[in-house]
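See structure below.
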Amino acid sequence: MSDQANEIRETIFSTLRAALPQDRPLSDSTHIIEDLGLDSVAVMDFVMEIEDKLDITVPLDKIAEVVTLGDLIATVQRLKQAA
Amino acid sequence: MALLDKYAPVAEQYRQLELAGANPFNVTFDEVLSPTEALIAGRKTLLLGTNNYLGLTYDPAVVEAAVAATRAAGTGTTGSRIANGSYGGHKRLEAALAEFYGRRHGLVFSTGYQANLGIISALAGKGDHLLLDADSHASIYDGSRLGYAQVTRFRHNSPDDLANRLRRLADEPGDKVIIVEGIYSMLGDTAPLREFAAVKREYGAYLVVDEAHSLGVLGETGRGLAEREGVEADVDFIVGTFSKSLGGVGGFCVTDMEGADILRVVSRPYMFTASLPPGVIAATEAALHELRAQPELQARLNANALRLYRGLEALGFALGPEPSPVVSAIMPSPEAAFGFWAALLEAGLYTNVSLPPATPKGLALLRSSVSAAHTPAQIDRAVALFAEVGQALGLLAGAPGLAAAR
């Protein structure tokens with residue numbers, strides 16, 4: 001696992017912990033909608049925070065493809081490398 | 001697993017509302033009596049949630065225009081304008097809208113929802129970028145999914161955040177199209193349009209403003225927020241609806257853009273749907289005439305809006321950030337919103353419930369909308385009923401539930 005992936009994971013997890021009303025276990029296999037109970041707008045709001053922290057753009061169609069936190073980490077990593 | 005099992009959680013919520021005998025998403029007006037009153041469950045009810053901003057649905061000239069056009073041209077067009085032809089009325093209404101806005105082109109769509117679908121999906125193609133305000137209406141989100149552009153959200157009403165996102169996209173090829181609304185339908189707040197226009201100019205983007213809730217409501221002649229803010233020249237496309245201030249159904253777009261007529265054969269929501277019936281078209285043109293001929297309607301509407309806003313504010317309700325014909329009280333929870341809504345209806349006042357994800361920031365809203373047709377006495381009665389029900393439910397200022405919601 002690269003340092004960059006770890007860094008992105010840490011950013012995503014800490015942003016999510018701050019956004020969730022209660023503490024929940026987070027891992028790469030966590031389902032963002034089913035396990036965390038976020039609705040579609042809450043997911044987009046959370047991704048907006050990630051965009052600003054990492055200075056990238058995550059287009060909405062990319063968010064639609066994301067199911068787990070692992071998917072999100074991989075997507076963000078690809079975008080970060082492309083940037 | 002049955003086909004609809006995926007909706008089990010929402011189906012259960014819906015069932016609970018039906019069981020309670022008070023489902024805000026399944027209300028029938030047995031008889032509509034006027035722009036401000038209807039019979040609901042046998043009770044005469046004051047309507048405070050219809051978006052009938054100018055109260056033109058019963059205007060005699062508007063009704064007569066609909067009747068006359070229906071007698072003359074029939075009940076429906078039975079086809080699309082591309083495949084089956086336009087009626088003279090469609091062309092006349094488009095010309096009237098273009099003239100009202102001082103623009104070269106006017107396009108009429110069959111609903112306001114389709115106007116956003118049709119314009120947004122057609123303007124931004126593959127390789128282009130759409131930038132949407134985060135609080136955009138569902139039709140704007142759906143329009144962005146119908147097309148092939150990359151879609152980016154920016155923070156609600158934040159020109160700085162928009163600029164930051166345009167900066168990130170600056171090196172990417174493709175046109176950038178920004179979409180904002182005049183008045184946001186959930187909290188009634190307006191966009192900082194002058195600042196957005198400045199960002200648009202700085203980055204060479206295009207600007208689309210949805211004036212669905214601001215047509216007839218804002219601006220000296222009722223053209224909306226762009227008129228009020230003096231930035232109409234910076235707005236490349238104005239989108240709007242006939243179903244609020246104009247009291248009918250349908251949507252439109254006006255623009256000065258060269259070659260805009262091509263949208264008629266590339267915009268799928270324009271092409272592949274039946275055109276509006278003659279009665280609706282004639283009523284809309286008549287309503288637009290009344291909107292222009294009776295500026296006192298806008299003045300009365302905004303006086304009523306302010307009266308309701310100040311009244312609910314004085315009771316201690318947390319409201320949207322500025323007075324507007326949309327007045328939403330922020331409730332501590334969806335359950336509180338349902339309870340409050342049902343008690344108001346029982347007392348003879350009809351409002352709306354709005355819940356996430358349709359609302360921003362996960363808010364549960366008890367949403368009201370005001371009409372020019374309301375009398376000040378009706379507004380006062382509505383405020384009194386909010387006070388009575390709020391008291392009974394422990395949801396007035398200082399009550400723990402409401403304080404927690406702030």
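Numbered from 1 within each chain, the chains take letters A, B, ... in sequence-line order.
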Contacts satisfying side chain to side chain donor-acceptor pair (under 3.5 Å) that involve residues 11-21 of chain A (not counting sequence neighbours) are A/Thr15-A/Lys53
For B/Phe154 and A/Met48 the tightest heavy-atom approach is C-CE, 3.2 Å
>> One thing to verify: whether A/Asp52 and B/Arg168 come together as a salt bridge, which I'm taking to mean a side-chain N less than 4.0 angstrom from a carboxylate O.
In response: yes
Interface check, chain B: of A/Val41, A/Asp39, A/Ile63, most non-hydrogen pairs under 4.5 Å belong to A/Asp39
Are there over 12 heavy-atom neighbours, none belonging to B/Arg268, within less than 6.0 Å of that residue's CZ? no
Assert top hit (heavy-atom pairs under 4.5 Å, partner chain B, pool A/Asp45, A/Thr57, A/Asp55) equals A/Asp55
| request: Start with the C-alpha gap between A/Leu60 and B/Thr152, add the side-chain angles, then the distance that decides, and say whether side chain to side chain contact (heavy atoms under 4.5 Å, CB included) holds. | output: CA-CA 6 Å; A/Leu60 291 195; B/Thr152 304; over 6 Å; no
Whatever's closer than 4.5 Å to a heavy atom in chain B on A/Ile56 counts as backbone
Checked B/Gln150, B/Arg155, B/Glu172 vs chain A; the most non-hydrogen pairs under 4.5 Å come from B/Arg155
If you count heavy atoms of other groups shown closer than 6.0 angstrom to CD of B/Glu18, is the number above 12? yes
message = A quick test of your reading: do over 12 heavy atoms of other residues, nucleotides or ligands sit less than 6.0 Å from CZ of B/Phe25?
response = yes
Item to check | Min side-chain heavy-atom separation B/Val151-A/Lys62 under 4.5 Å | outcome: no
For B/His137, the ring-ring contact (aromatic ring centres under 6.0 Å, His included) test, sequence neighbours excluded, returns none
* Between B/Arg153 and A/Glu51, is any pair of side-chain heavy atoms under 4.5 Å apart? -> no
- request: Taking atom NZ of B/Lys126 as the centre, report whether more than 12 heavy atoms of other residues, nucleotides or ligands fall under 6.0 Å from it.
  value: no
Worksheet item: When you look at CG of B/Asp171, are more than 12 heavy atoms from neighbouring residues, nucleotides or ligands closer to it than 6.0 Å?
Response: no
